[in-house]
Amino acid sequence: MDAPLSPRESARFVAENSRDVLVDLEGVRRAAELLLPAASAWRVEQWKALHELNPRGSDEAALNWVFLVDTLNFSFWAEQEERKCGVRYGGRAYTGYWALCAAVNRALDQESLNFLFKGIPITSASYYATVTLDQVRNLFRSDTAVPMPLIEERHRILNETGKILLDKFGGSFLDCVQKSEKSAQKLMHLVVENFPSYRDVAQFEGKRIAFYKRAQILVADTWSVLEGKGDGCFEDISSITMFADYRLPQILVYLGALKYSDELLKKLLRGEMLSNGDKQEVEIRGCSIWCVELIRDCLLELLEKRGEKPQGEINSVLLDFYLWDYARDHRDDMRGIPFHHTRCIYY
C-alpha cells in the first residue's frame, strides 16, 4: 500500500477540496494579529512552567511519562458537559486530558501494598505490557460518577504498546528517540511504523491522507520535555503541524479563521456524532491543520514587517500549545460554538 500524504500535504489537499469547512483567509490574518503580541515570547521551556502536572525533569523517566500519556491521549470529551470524568490530585480536581495526567501522577505517588517501594511503576513498559483490565480501571478511576471513556481500548493499547516497546526498543522510549537521530520527522515515522494505535489515517477524495495527531504531539512533547536540547534538538521541528483534535477547530471558528457550512453547523449544534473517517470529520481536522499553518506563516510575516525577532522559534507546535490554553481560558466565551463529537482512539 502506498504511503499516505504527510499531515501538512494532507491538510492542504483537504482544504482545497473541502465542501463544508472553509479556511477564511481574512480570519486567518485577524487571528494572527490577535496572537502576535504573545507569539514573540513563546518558548519551548514554557511547556514545563505552565502546566504543573508535566514532569519537571529531562531524563529517561520524564520521556517514559510522556510516551505513556501520549499513548493514552484520546477521547476525553463528555457526553454531557455537566457530567465529566474527574481526578483529584494535589488538592485540585482535573478533567479531560489533565485527568489522565493526574491519574498517572497519582499512581506514581501511591504507596504500594507491600511497602517495598513507593508508587506504582505505571510508566514502565514491563508493567503496562501485562497490566490487567481491572488494574487499568483502578489506575484511571474517576473521582466522579463518570468513568474515563474507552477504558477497554486503553487497556488493549497499553498491553500492545508495552510489548512492542519491550521487543523493539528495550522497554524505553529514550531508545526510540535516539534512533530518530534528532529528526522530528524520523521520530514521527518510527512511532507510526512501530505502534499501530498511532496510525491516524483516512481516505479522502481518492487519496490516502494522514493526520498523525498523537504521533505528532508525542514528537512535540518529546521536544518540550527535553527543552529542545540533546536528544530532543530537532532541527526540523517546524515540519510538525498542529494536532488535529476537537478543541482546536472550536477555537479557530471562534477566532473567525475557520467557517462551517450551515448544514454542518446545524448537525454539530444538535450534537450529532461524526464517525472517524467521515468526510465532514476529515474536513474539520484537515482544514484546522491548514488554518494553523497559515496563521503561523502570517505571524512570521507580520514579525518580519515589524523588524521584530521572536525570543524563540515560532512554529505550529507552540501555536497549538498556545491555542489549546487559549481555548481553555475562553471556555465561557465559546459556549455557543459547538465542537465535533467523534469517539475514537486517535484524538
Side-chain angles (χ1 to χ4, degrees), residues 4-8 10-11 14-15 21 66-79 84-85 95-101 140 148-154 156-158 160-161 188 191-192 195-204 208-222 224 240-253 258 260 264 268 271-293 316-317 319-328 334 337-347:
L5 297 177
S6 72
R8 193 176 193 278
S10 297
V14 171
V21 186
V66 161
F67 182 68
L68 172 72
V69 166
D70 286 335
T71 294
L72 298 176
N73 183 2
F74 56 83
S75 202
F76 298 109
W77 58 270
E79 303 281 350
K84 295 180 179 179
C85 164
T95 59
Y97 164 76
W98 295 114
L100 171 72
C101 298
F140 298 104
M148 191 171 287
L150 299 183
I151 203 70
E152 291 86 1
E153 280 292 277
R154 295 181 198 279
R156 180 190 67 77
I157 289 169
L158 277 174
E160 174 186 80
T161 303
M188 181 186 75
V191 169
V192 169
F195 300 97
S197 74
Y198 280 89
R199 293 171 196 161
D200 178 12
V201 298
Q203 289 290 135
F204 182 80
R208 192 160 174 254
I209 61 170
F211 294 142
Y212 296 155
K213 184 264 183 181
R214 288 199 293 110
Q216 290 207 114
I217 204 169
L218 176 57
V219 173
D221 287 350
T222 297
S224 300
I240 298 298
T241 72
M242 66 83 91
F243 324 120
D245 65 356
Y246 49 91
R247 282 299 183 196
L248 261 292
Q250 185 186 33
I251 189 64
L252 292 171
V253 171
L258 208 62
Y260 295 152
L264 177 57
L268 298 182
E272 289 187 25
M273 289 273 287
L274 299 181
S275 299
N276 182 229
D278 175 273
K279 188 172 185 297
Q280 290 178 327
E281 185 247 12
V282 169
E283 288 186 7
I284 290 172
R285 298 183 75 203
C287 288
S288 295
I289 293 175
W290 191 242
C291 186
V292 169
E293 290 294 290
S316 295
V317 170
L319 180 50
D320 183 293
F321 287 167
Y322 184 83
L323 286 172
W324 202 77
D325 287 336
Y326 188 94
R328 184 182 58 178
M334 296 193 301
I337 299 172
F339 65 85
H340 71 282
H341 294 79
T342 299
R343 189 69 79 190
C344 69
I345 67 168
Y346 299 114
Y347 64 100

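When reading the values below, keep in mind they use all heavy atoms of this one structure, side chains included, and skip hydrogens, waters and symmetry mates. Fair warning: this is a prediction, and the values are worked out from it, not measured in the lab.
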V282 and I209: side chain to side chain contact (heavy atoms under 4.5 Å, CB included), yes or no, with the steps?
CA-CA 9 Å; V282 169; I209 61 170; 3.5 Å; yes
Intermediate values then yes/no, side chain to side chain contact (heavy atoms under 4.5 Å, CB included), D221 and F321
CA-CA 10 Å; D221 287 350; F321 287 167; 3.7 Å; yes
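Side-chain contact check for C85 versus T95: every heavy-atom pair is 4.5 Å or farther apart. Side chains of E160 and P196 form a contact here, defined as non-hydrogen atoms less than 4.5 Å apart. At a threshold of 4.5 Å between non-hydrogen side-chain atoms, the residues M334 and F339 do not count as touching. You'll find the side chain of Y260 reaches within 4.5 Å of the side chain of P249, heavy atoms only. Contact of the P7 side chain with the Y212 side chain is registered, since non-hydrogen atoms from C-beta on lie closer than 4.5 Å.
Defined by atom type and a distance below 3.5 Å, a donor-acceptor pair is missing between the side-chain atoms of E293 and T241.
One finds the CH2 atom of W324 at 6.5 Å from the CZ atom of R328 (value rounded to the nearest 0.5 Å). Atom OG of S288 sits about 12.5 Å away from atom NZ of K213, to the nearest 0.5 Å. Taking OH of Y246 as the start and OH of Y347 as the end, the distance is 9.5 Å to the nearest 0.5 Å. In this structure, CD1 on I345 lies 8.5 Å from CG on N276, to the nearest 0.5 angstrom. Note that the CG atom of L274 and the CD atom of Q280 stand 6.0 Å from one another [nearest 0.5 Å]. In this structure, CD in E153 is found 11.0 Å from CG in L158, a value given to the nearest 0.5 Å.
Proximity of a side-chain donor or acceptor of Y326 to a complementary backbone N or O of I251 within less than 3.5 Å is not detected. Here the side chain of W77 pairs no donor or acceptor atom with the backbone of G96 at under 3.5 angstrom. Looking at R208, its side chain never comes within 3.5 Å of a backbone N or O of Q203 through a donor-acceptor pair.
Heavy-atom minimum distance, R199 versus V192: NE-O, 2.7 Å. Of all heavy-atom pairs between A11 and I289, the closest is CB-CG2, 3.4 Å. Of all heavy-atom pairs between I240 and S316, the closest is O-CB, 3.5 Å. In this structure, A15 and C287 approach most closely via the heavy-atom pair CA-SG, 3.8 Å. Nearest heavy-atom pair, P149 versus R154, reported as atom, atom and distance to 0.1 Å: O-NE, 2.8 Å.
Remark: of the listed residues L319, V317, L248, L323, L248 is the sole one forming a side-chain contact (heavy atoms from CB on, under 4.5 Å) with M242. Considering L258, L268, I284 in turn, L258 is the only one that fulfils the side-chain contact (heavy atoms from CB on, under 4.5 Å) rule with V253.
For the pair R214 and F243, the cation-pi test (distance below 6.0 Å, angle within 45°) is failed.
Under the 4.0 Å criterion applied to side-chain N and carboxylate O atoms, R156 and E152 are not assigned as salt-bridge partners. Using a 4.0 Å cut-off between charged nitrogen and carboxylate oxygen, R285 and D200 count as a salt-bridge pair.
A centroid separation of 6.0 Å or more is found between the aromatic rings of H341 and F76.
Here salt bridge (charged side-chain N to carboxylate O under 4.0 Å, His left out) pairs that include residues 243-252, with residues two or more places apart or in two chains, number zero.
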Let me have the donor-acceptor pairs involving side chains of residues 66-75, under 3.5 Å, with sequence neighbours excluded, atom names and distances please.
from: T71; atom 1: OG1; to: F67; atom 2: O; distance (Å): 2.7
from: T71; atom 1: OG1; to: Y198; atom 2: OH; distance (Å): 2.8
from: S75; atom 1: OG; to: R343; atom 2: NH1; distance (Å): 2.9

